[in-house]
Amino acid sequence: MFNELDFSKIDTWKEAPSDDTKRQYYYIAKCQEEMRQRAEKRGTAFTYCLTTFGCQMNEKQSEVIAGIMDEIGCVRRESEDADIVIYNTCTVRENANLKVYGRLGHLNNLKKQNPDMKIILFGCMMQEEHVVARIQKDYRFVDLVFGTHNIFKYAELFYQMLSSETQIIDIWEGTDKIVEALPTERNYDFKSGVNIMFGCNNFCSYCIVPYVRGRERSREPQAIVDEVKALVADGVTEVMLLGQNVNSYGKTLETPVSFAKLLEMVEQVEGLRRIRFMTSHPKDLSDELIEYMARSKKVCHHLHLPMQSGSSRILKDMNRRYDKERYLELVQKIRKAIPDISLTTDIIVGFPGETEEDFLETLDVVDKANFDTAFTFIYSKRSGTPAARMENQVPEDVVKERFQRLLALVQEKGKIASSRFEGTVQEVLVETESKDKGIFTGRTQYNLLVHFPGSKELLGKYVNVRLETCKGFYYLGKMVEM
Ligand code: 5AD
Ligand code: SF4
């Protein structure tokens with residue numbers, strides 16, 4: 001397996017191979033040599049701090065960066081007082097950008113104290129021209145900038161950075177490449193995300209993702225299954241299949257495969273116990289998928305189905321290609337087929353032109369759909385998207401007031417929905433020990449968190465827990481023998 005490759009055996013005197021994966025192995029070997037020499041010279045290993053903003057796909061891609069950094073002999077640490085500071089950025093909403101700019105000033109001060117320090121920025125935010133222009137102009141101390149399409153080239157870029165005195169910027173417009181089998185350092189031993197596709201073709205009018213992540217590309221099903229098998233062999237029992245719109249998985253493959261079919265293939269992997277996936281677009285959610293979820297033994301009964309707005313008029317302007325009625329019908333259909341399903345959603349408040357009436361439609365859907373949780377966002381204007389050019393941007397005070405009303409309803413309804421499990425015994429995967437020693441946190445198949453007294457050996461195991469007290473979006477419980 002790639003994590004067990006001995007990179008020191010690679011002949012770095014030869015020319016770099018042209019095959020993408022082999023080429024990166026070659027550069028990992030070169031970085032390894034270089035970093036070893038530098039560390040010997042100064043007498044201590046180099047440290048790195050990697051921070052990820054944004055979604056689970058970013059988390060997953062950061063694991064590859066961490067895998068490569070570990071492989072080249074750098075030691076991870078939590079504090080930014082490290083030799084190499086890396087940000088995997090997000091730009092889905094403005095505040096993610098502001099956070100990065102805010103922290104760069106602090107990094108500049110740290111760099112003045114540590115001449116060895118390198119600063120690396122990559123990911124979605126870097127795909128925006130105005131961001132790169134600003135970094136070139138105002139943040140000259142940043143050493144390396146790359147985007148979303150060439151993350152696989154990290155080792156090569158890192159090597160280039162080591163021998164460069166000036167800022168390196170490498171942004172690609174797009175790509176059809178999917179480079180497999182790079183080293184990965186997983187955040188958890190027992191669960192893992194698995195990318196099944198990249199990019200998005202939906203162009204929801206508020207969303208910047210299609211511009212920064214490019215066109216939709218699916219991985220070959222066999223590559224996905226092989227990755228899941230390797231993960232399971234390494235102790236993983238729960239996978240989360242990741243994509244911006246998993247329901248359109250496989251449509252562009254040479255031999256098209258549906259998402260339901262992919263789930264069936266992944267389910268065959270022996271030793272795997274739970275399958276999750278994210279995100280589903282309501283317009284593409286097929287009957288085949290609902291049926292499969294209903295009969296599958298491993299697919300968790302949790303569906304994240306972003307509705308964005310309850311107003312058909314706003315949904316049209318958002319280019320979502322469904323309306324309020326269709327969304328509610330879909331919810332009904334899912335609940336009929338999978339009565340215990342946990343439904344979660346994303347909602348945007350204050351999309352341009354949203355009136356009080358439109359907003360009441362959103363509240364109406366929240367009232368009727370009985371979501372377990374809803375992630376609520378204030379509309380953020382993203383330059384280059386059609387919505388940014390729309391007139392009637394809603395005044396900030398109106399949006400904030402609506403947001404508070406929505407949040408109150410979401411919490412009230414969420415608590416009612418979650419309390420349906422009160423008193424039941426659920427199988428949970430034990431994930432972490434909380435700050436209160438002896439209290440552990442597990443997750444039910446419904447994605448509901450439960451805190452209960454336990455012990456360290458339980459981490460990564462499945463145990464039965466009685467859900468005793470509902471605290472809204474989590475429970476307090478007690479383990480039971482079954
Ligand atoms: N403003 C606010 N929220 C947004 N999202 C995407 N783009 C924007 C934006 N411009 C939200 C959507 C999406 C989630 C990941 O982020 O609700 O489902
Ligand atoms: Fe953005 Fe819409 Fe694509 Fe989701 S489906 S990433 S909201 S464009």
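Note that the structure is predicted; figures quoted are calculated from it, not measured. As the structure lists them, so they are numbered: ligands from 1, and atoms in each ligand from 1.
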State the atoms of ligand 2, each with its element, that fall below the 4.0 Å cut-off from a heavy-atom position in Pro210.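 Those of ligand 2 that fall under 4.0 Å from Pro210 are 8 (S).
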Is it true that the NZ or CZ of Arg274 lies under 6.0 Å from the centre of Tyr462's six-membered ring and within 45 degrees of the ring axis? no
Below 4.5 Å, heavy atoms only, C-beta onward: do Thr344 and Phe371 meet side chain to side chain?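 Not touching, per the 4.5 Å side-chain cut-off.
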Checking a contact table here: which protein heavy atom is nearest [atom], and how many Å away?
atom: atom 5 (S) of ligand 2; result: Asn202 ND2, 3.3 Å
atom: atom 1 (Fe) of ligand 2; result: Cys207 SG, 2.3 Å
atom: atom 2 (C) of ligand 1; result: Ile378 O, 3.4 Å
atom: atom 4 (Fe) of ligand 2; result: Gln244 O, 4.4 Å
atom: atom 3 (Fe) of ligand 2; result: Cys200 SG, 2.3 Å
atom: atom 7 (S) of ligand 2; result: Tyr206 OH, 3.3 Å
atom: atom 9 (C) of ligand 1; result: Ser380 O, 3.6 Å
atom: atom 12 (C) of ligand 1; result: Gln308 OE1, 3.4 Å

Check whether any side-chain N or O of Asp170 sits under 3.5 Å from a backbone N or O of Phe146 as a donor-acceptor pair, and report yes or no. no
Please work out whether any backbone atom (N, CA, C, O) or any side-chain heavy atom from C-beta onward of Arg320 is under 4.0 Å from ligand 2, and answer side chain, backbone, both or neither.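 Looking at Arg320 and ligand 2, just side chain atoms fall under 4.0 Å.
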Mind telling me whether Phe141 and Tyr139 have parallel, tilted or perpendicular rings, with 30° and 60° as the class edges?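 Ring orientation of Tyr139 relative to Phe141: perpendicular.
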Close N or O approach (Arg93, ligand 1; < 3.5 Å):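 N/O-N/O distance below 3.5 Å exists for this pair.
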Can you tell which part of [X] has a heavy atom less than 4.0 Å from ligand 1: side chain, backbone, both or neither?
X: Ile348; result: side chain
X: Lys381; result: neither
X: Tyr206; result: both
X: Ile208; result: neither

At a 4.0 Å cut-off, with the gap strictly under it, does some heavy atom of Arg213 reach an atom of ligand 2? no
Would you say the side-chain atoms of [X] and [Y] include a donor-acceptor pair closer than 3.5 Å?
X: Asp323; Y: Ser312; value: no
X: Glu267; Y: Tyr292; value: yes
X: Thr424; Y: Gln426; value: yes
X: Tyr206; Y: Gln308; value: yes

Verify the ring-centre separation between Phe377 and Phe403: is it less than 6.0 angstrom? no
What distance do Met197 atom CE and Met57 atom CE have between them, rounded to the nearest 0.5 Å?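 Taking CE in Met197 and CE in Met57, the distance rounds to 8.0 Å.
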Return the OG1 to CZ distance between Thr175 and Arg213, rounded to the nearest 0.5 Å. 13.0 Å
Which atoms of ligand 1 are found less than 4.0 Å from any heavy atom of Val92? 6 (C), 7 (N), 8 (C), 9 (C), 10 (N)
Please identify which atoms of ligand 1 are closer than 4.0 Å to at least one heavy atom of Tyr379. 1 (N), 2 (C)
Among Ile65, Leu182, Ile28, which residue satisfies the side-chain contact (heavy atoms from CB on, under 4.5 Å) criterion with Tyr154?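 The side-chain contact (heavy atoms from CB on, under 4.5 Å) with Tyr154 is passed solely by Ile65 among Ile65, Leu182, Ile28.
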Regarding atom 14 (C) of ligand 1: of the candidates Asp346, Thr385, Thr279, Ile347, which has the closest heavy atom?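 Residue with the shortest heavy-atom distance to the ligand atom: Asp346.
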Would you say atom 2 (Fe) of ligand 2 has Cys204 as a near neighbour, meaning an N/O/S atom of that residue under 2.8 Å away?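 Given the 2.8 Å cut-off, Cys204 counts as a ligand of atom 2 (Fe) of ligand 2.
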